[in-house]
Amino acid sequence: MLLVPVLVLLLLGGAGPASAHAALASTDPGDGTVLRRAPAHVTLTFSESVGLRDDSFRVLDPGGHRVHTGEAGRADGRADTARVALPGELGEGTYTVAWRVVSADSHPVSGAFTFSVGKPSQAAAPVDTGPTEDPLTAGLHKTARYLSYLAAALLVGTAAFVALCRPPDPAPLRRTLVAAWWTLLAATVALLVLRAPYEAGTGPTAALDPAALGDTLTTRPGALLLVRLGLLMPVALYLVHADRTARADRRGGRRTPLTAAVGAVLAVGLALTWSAAEHASAGPQVPVAMTSSVLHLLATAVWLGGLAALLTTLRSARPAPDAATVARFSRTALTAVTVLVVTGVYQSWRGLGSWQALTGTAYGRLLLAKVILVAVLLAAAAVSRRWTAALVTEPATVREPGRVPERVPQPAGGPPPEAPRPEAPRPTHPSPAGTGTGTDAATGTGSALRRGLYRSVLVEAVVAAVVLGVTTVLTATPPGRSAGEAARAAVPAGGVLPASVTTIPFEIGASGSGTVQITLDPGRTGDNAVQAVVFGPDGSLAAVPELRLSFTLPDQQVGPIEADLLDRGGYWSANTVTLPLPGTWTMKVTVRVSEIDQVSETRRIRVER
């Protein structure tokens, strides 16, 4: 029942504005533009606020040498921009701008673009735009992230299991709590020291630089990791106090509401150190998204960490867990799953932008994989609930198989004395568990039920560990609507959509070579204006006797749609070409350089609605 709204709302709910992982919306100068004079600044505009680094910009001259620039800053004080000043005189040729910033959700984003002064360089020099991502650093960072998620789930979930499900002997769970606490401590320290090389895209040895660590502590992700480390000490004190309280409770003492309140506050505080540094902290509806993220993390911990705690309890031979403990966890898990579904649907709705993003982006495909795994997890949970129900009713079932006894009201003074009944003969047929007869059936049946429940919970725990791994990768993947958000952010204030510019190189043996720059304005469905410019081998304008252009949408079997290009004396244009449907179109350009020499090239372009 819970799975149906997950699938329906996940597929139909992708229509709200949100973003995460900053996407580059525009550059000034534009990518590939040719300027008469050198610009004074290079300015980048993003789809959300970004953090700047000391090496956020690297400007390289036509020869591949680094140009001395000013310090990276903001344009007009806007947090979604990055700007760097250029030197007063730049020579003629093509310049490369490599950039690297940190998204509001703590993930680094990088890229590069070019612009030319005077005219483009005749031969592009090999350019090192700097590191993008070091595989070893990225692998260590992802491992530490996964371990931190796993440890937090075990820590919060096991503590919640002890408090809410009240196992008869929580002693076997102390080792889990201690291991989870130390794992979370080690993973958090690793994330803190790896933060600088992760942002810079360098090797893990850069983590040994004290200056880099100091810079990390001044950033929001570094500060939140420091807060998480600070919370672990009161968490340790709380666990010691909670253990003493649990022992007193078994001796007839009472648990105080204050203890439960302190535990809830500490759990929320830990969850906030994740929510404030990841997808929920970026985009609109931040307060709602942060609340949803915290609830999602806590529900995940209560369910998955509780599964591990139940598994440990079921493995403990003495004493065997009573049915009441298992029943309490079953009710707690049902509540956690309900919260998990509601918040998960909201976060999926917030991260996706369209149905196409569900299968056309890495984020959407990971989300589908997670939904499938959660479906398997819910199926295993349903089996566990059946074993739980059998375990709860096991004593009555053994006494009278097939019948659940009714609860009969009793007088205030207790039930009336019953007449002695003749002793029933001991049965000689095998018990339901196959382990004995008569009064031995209860013990055998109970053991069989616990073994069945243990196996079912073990399947849940294994699938849950895989779900947690997919979730770790998902939190580091740009959401599906980021590209659409970047396109919307690039629309100027007057509402004019940006044009689609495609550069296509061509070569016709000894007859000629060069590039064709095709501008499709606005590059959306409907009527578009087309301009095409042909450049020769040296980057100057070139005249050709004929230029043809057509568009085909293979997925919908539309086209070819011909663009009637006219020679305007230096460039070619068509006032209108109508592209009726959104999708990935194939653009074919044919350049004729002489009466007998011509070449055709194709490029795929994305046309949005």
Side-chain angles (χ1 to χ4, degrees), residues 24-46 56-76 78 81-99 111-127 129 490-494 496-506 512-523 529-544 547 565-575 589 591:
L24 183 63
S26 65
T27 65
D28 184 16
D31 185 15
T33 58
V34 181
L35 308 174
R36 292 184 179 180
R37 291 184 297 271
H41 301 87
V42 169
T43 304
L44 309 181
T45 303
F46 296 90
S56 281
F57 284 98
R58 298 176 71 245
V59 181
L60 307 171
D61 65 17
H65 304 99
R66 187 163 183 174
V67 176
H68 179 72
T69 60
E71 185 177 353
R74 307 288 185 178
D76 302 325
R78 293 172 48 190
T81 63
R83 168 176 284 183
V84 66
L86 298 177
E89 295 183 0
L90 292 179
E92 188 177 79
T94 300
Y95 291 80
T96 302
V97 180
W99 54 269
F113 67 95
T114 63
F115 67 91
S116 301
V117 177
K119 66 177 183 179
S121 301
Q122 292 187 8
V127 173
T129 58
V491 178
V496 180
L497 291 171
S500 169
V501 180
T502 305
T503 301
I504 305 176
F506 67 88
S513 64
T515 57
V516 182
Q517 181 175 290
I518 300 172
T519 302
L520 195 64
D521 190 5
V530 181
Q531 290 185 354
V533 182
V534 182
F535 297 95
D538 60 351
S540 60
L541 294 178
V544 295
L547 190 66
L565 296 176
L566 298 177
D567 188 356
R568 305 292 184 179
Y571 71 97
W572 298 73
S573 72
N575 290 332
V589 59
V591 183

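Here, residue 1 is the first one in the sequence, and each next residue gets the next number. Only a predicted model underlies this, so the values are computations on that prediction, with no experimental measurement involved.
Here the CG-OG1 distance, from Asp28 to Thr33, works out to 8.0 Å after rounding to the nearest 0.5 Å.
Smallest separation of non-hydrogen atoms from Ala112 and Trp99: N-NE1, 3.6 Å. Between Gly70 and Val84 the shortest heavy-atom distance is O-CG2, 3.3 Å. When all heavy atoms of Leu90 and Pro87 are compared, the closest pair comes out as CD2-CG, 3.8 Å. For Gly91 against Val117, the heavy-atom pair with the smallest separation is O-CB, 3.8 Å. Contact record, His41 with Pro29: O-CD, 4.0 Å, taken as the closest heavy-atom pair.
Judged as a salt bridge (charged side-chain N to carboxylate O under 4.0 Å, His left out), and not counting sequence neighbours, Arg66 has no contacts. Evaluation of the ring-ring contact (aromatic ring centres under 6.0 Å, His included) rule for Tyr95 yields Phe115 as partners, not counting sequence neighbours. Listed by chain and number, the residues in a side chain to side chain contact (heavy atoms under 4.5 Å, CB included) with Thr27 are Leu24, Leu44, Phe113 (sequence neighbours excluded). With sequence neighbours left out, the side chain to side chain contact (heavy atoms under 4.5 Å, CB included) criterion links Ala75 to Thr43, Thr81, Arg83. For Ser116, the side chain to side chain contact (heavy atoms under 4.5 Å, CB included) partners at least two apart in sequence or on another chain are Val34, Thr94, Pro120. Partners of Thr515 according to the side chain to side chain contact (heavy atoms under 4.5 Å, CB included) rule, which considers only residues two or more places apart in sequence or in another chain, are Thr503, Pro505, Phe535.
Judged by distance alone, the side chain of Asp76 and the main-chain N or O of Arg78 form no donor-acceptor pair under 3.5 Å.
Shown here is Glu71, whose CD atom has no more than 12 heavy atoms of other residues, nucleotides or ligands within 6.0 Å.
A 4.5 Å side-chain heavy-atom check between Thr69 and Leu86 finds at least one atom pair inside the cut-off.
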